Q: 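Below you'll find the structure I mean.
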Amino acid sequence: MAEQNLHLNKLLSDPVYFSGLCNGVLFRGRLYLRPEDLMPVKGSQGVLYANRKGFKKVLERRRDVAMRVKNGARYAVIAVENQANIHYAMVIRSLLYDALDYADQVQIQEKELRQAGRRPSGDGFLSGVGPRLRLEPVVTLVLYWGSGCWDGSTSLHELLGLKDGGEEAQELAGYIPDYRLNLVNAANMDDPSIFRTHLQQIFSMLKYKSDKAALYRYAQENRTELRDMDGTAKLALLSMMGEQKRLQKMMEEAGGEEEFDMCKAIDDLIADGESRGFERGDKSGFERGERQLSSLISRLLAENRPDLIALAVSDPDVRARLYKSYNL
């Protein structure tokens, strides 16, 4: 898992890919952010606090990738957290990251005022900042690239059970800000074409990861784009598909990134998988097919359709249409 996160973090640390992700997710493919508008920010934030016993503690968290974005005279902070698995408390984790970012901004401004000898008095003395305090917006994207459907909470109200509660819960919800998780499901993109960088090919390949036929077809139709991927993008893709070890070995045997043919590697991977399945006898698939055919024959017998039974047994196309028709 650490190796997978390393390759993906390296990819998104490149301003070209980071801006490409943000433009696709936040602005529906419009070229709003440019790589030259991005500046990396420190990955860790922390605050000093006193626990219930009065002892001082340091609360520190480290982000995967974060960039400071310049938009005219204003700035914002956009961060990406990579998730291979579902984190059922991700709403709280993301909320904490954002809160620490805001706390860090307050501390920076307080320090600047203090060093300039302009520490506020009166109501501003306690916080160290005055009424003109303005902070940079913070946006956190959670890039989930696991194969399963995200079934965790995606908002604070949902996590607190306020959305399913009664009248009292609904009234209470009005006093609790609903923090929303900005979830990006990389393996289930509706339209990967809105991404202008090789993220388009990466997200498309993830979408077809569990369907060998669709994956092979996509690789054949996009051979040029896949061949043009840089080494960082290739390793990120292979890592997210869970094939980094086997395909990295193919890359080494090919003589490095320049000679590595992603399309051929996918061909070899599919052939290797079919070979392994054949050697195992693909027992589970065979048994599943038998159960499916048995259910179909039972349904056709109940409807007194011996003519269709004969066709279903002899013609794979007819059999496939009948499976679909009977939802088998």
Side-chain angles (χ1 to χ4, degrees), residues 5 9-10 12-23 25-27 30-82 89-143 155-157 159-160 174-182:
N5 285 332
N9 288 345
K10 184 178 179 182
L12 294 178
S13 295
D14 184 330
V16 172
Y17 286 104
F18 192 94
S19 61
L21 176 68
C22 294
N23 285 330
V25 173
L26 301 176
F27 307 109
R30 287 185 291 120
L31 298 179
Y32 187 79
L33 299 181
R34 299 173 301 174
E36 56 268 29
D37 295 332
L38 305 179
M39 296 171 288
V41 298
K42 65 177 184 178
S44 62
Q45 313 93 4
V47 292
L48 185 66
Y49 72 100
N51 63 14
R52 294 179 180 179
K53 295 183 178 180
F55 295 112
K56 290 184 177 180
K57 292 269 188 176
V58 175
L59 177 63
E60 186 176 20
R61 292 293 184 272
R62 179 172 294 277
R63 285 191 179 276
D64 286 336
V65 184
M67 296 276 185
R68 194 165 181 243
V69 182
K70 183 177 182 181
N71 179 22
R74 295 213 57 186
Y75 288 86
V77 176
I78 302 179
V80 178
E81 298 301 320
N82 299 314
M90 196 67 207
V91 171
I92 300 302
R93 184 177 169 189
S94 182
L95 174 59
L96 179 58
Y97 280 138
D98 291 355
L100 288 174
D101 267 325
Y102 287 126
D104 192 49
Q105 292 183 47
V106 172
Q107 289 178 348
I108 290 173
Q109 293 195 38
E110 185 274 333
K111 182 179 179 181
E112 289 175 349
L113 288 172
R114 179 163 34 84
Q115 290 179 341
R118 294 188 289 113
R119 183 183 176 91
S121 57
D123 291 339
F125 181 79
L126 184 61
S127 62
V129 292
R132 297 180 63 84
L133 172 69
R134 295 294 182 270
L135 302 179
E136 299 172 359
V138 177
V139 177
T140 297
L141 303 178
V142 177
L143 182 62
S155 74
L156 183 59
H157 281 194
L159 187 64
L160 297 176
Y175 296 92
I176 302 175
D178 189 14
Y179 181 87
R180 181 171 59 89
L181 193 67
N182 297 312

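Just so it is clear, the model here is predicted, and its values are computed rather than measured.
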Q: Can you tell if the side chain of Ile92 reaches within under 4.5 Å of the side chain of Tyr179, non-hydrogen atoms only?
A: no
Q: Tell me whether Gln105 contacts the main-chain N or O of Leu100 through its side chain, where contact means a donor paired with an acceptor under 3.5 Å.
A: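 Side chain of Gln105 to backbone of Leu100: no pair is present.
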Q: Return the CZ to CG distance between Arg132 and Leu113, rounded to the nearest 0.5 Å.
A: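 Between atom CZ of Arg132 and atom CG of Leu113 there are 11.5 Å.
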Q: Roughly how far, to the nearest 0.5 Å, is CG of Asp37 from OH of Tyr32?
A: 9.5 Å
Q: Look at the side chain of Asp178 and the backbone N and O of Leu156, then say whether any donor-acceptor pair between them is shorter than 3.5 Å.
A: yes
Q: Mark yes or no for whether Asp101, through its side chain, and Val138, through its backbone, hold a donor-acceptor pair below 3.5 Å.
A: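 Looks like no, no N/O pair under 3.5 Å.
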Q: Checking Ser94 side chain against Val91 main chain: does a donor-acceptor pair fall under 3.5 Å?
A: no
Q: Do the non-hydrogen side-chain atoms of Arg30 and Asn23 ever get within less than 4.5 Å of each other?
A: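 Counting from C-beta outward, Arg30 and Asn23 never come under 4.5 Å.
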Q: How far does CG of Asn182 sit from CG of Leu141, to the nearest 0.5 angstrom?
A: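 These two atoms lie 6.0 Å from each other.
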Q: Looking only at heavy atoms, which two atoms of Leu12 and Met67 are closest? And how far apart?
A: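 Heavy-atom minimum between the residues: O-CE, 4.1 Å.
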Q: Would you say that more than 12 heavy atoms from the other residues, nucleotides or ligands in this model lie under 6.0 Å from the CZ of Phe27, or not?
A: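 Yes, the 6.0 Å shell around CZ holds more than 12 heavy atoms from other groups.
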Q: Evaluate the side-chain proximity of Ser19 to Arg34: yes if any heavy-atom separation is below 4.5 Å, no if none is.
A: no
Q: Hey, is Asp98 close enough to Arg63 for a salt bridge, meaning N to O under 4.0 Å?
A: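 Judged by the 4.0 Å cut-off on N to carboxylate O distance, Asp98 and Arg63 do form a salt bridge.
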Q: Given the rule in the side chain to side chain contact (heavy atoms under 4.5 Å, CB included) test, do Val80 and Leu143 qualify, once you have shown the distances and angles that lead to the verdict?
A: CA-CA 7 Å; Val80 178; Leu143 182 62; 4.1 Å; yes
Q: Would a 4.5 Å heavy-atom cut-off, applied to side chains only, mark Asn82 and Val142 as touching?
A: no
Q: Dump the intermediate steps for side chain to side chain contact (heavy atoms under 4.5 Å, CB included) on Thr140 and Glu81, then the final yes or no.
A: CA-CA 7 Å; Thr140 297; Glu81 298 301 320; 4.0 Å; yes
Q: Do Tyr75 and Val69 make a side-chain contact, defined as non-hydrogen atoms from C-beta onward lying under 4.5 Å apart?
A: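 No, their side chains stay 4.5 Å or more apart.
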Q: Out of curiosity, Leu21 CG to Leu26 CG, how far, rounded to the nearest 0.5 Å?
A: 7.5 Å
Q: Output the distance between atom CG (Asp64) and atom CG (Asn9), rounded to the nearest 0.5 Å.
A: 4.5 Å
Q: Indicate yes or no: does Arg119 engage Glu110 in a salt bridge with an N to O separation below 4.0 Å.
A: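 Looking at Arg119 and Glu110, the cut-off is met.
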Q: Please report the interatomic distance CZ(Arg114) to CD(Gln107), rounded to the nearest 0.5 Å.
A: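 Answer for the CZ-CD pair, Arg114 versus Gln107, is 10.0 Å.
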Q: Can you give me the closest heavy-atom contact between Pro120 and Gly130, atom names plus distance?
A: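 The pair with the smallest heavy-atom distance is CG-N, 3.8 Å.
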Q: Would Glu136 and Arg68 pass as an ion pair if we require N to O under 4.0 Å?
A: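 Judged by the 4.0 Å cut-off on N to carboxylate O distance, Glu136 and Arg68 do form a salt bridge.
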Q: Search all heavy atoms of Leu133 against all heavy atoms of Val129 and return the closest pair with its distance.
A: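 Shortest heavy-atom contact: CD2-CG2, 3.9 Å.
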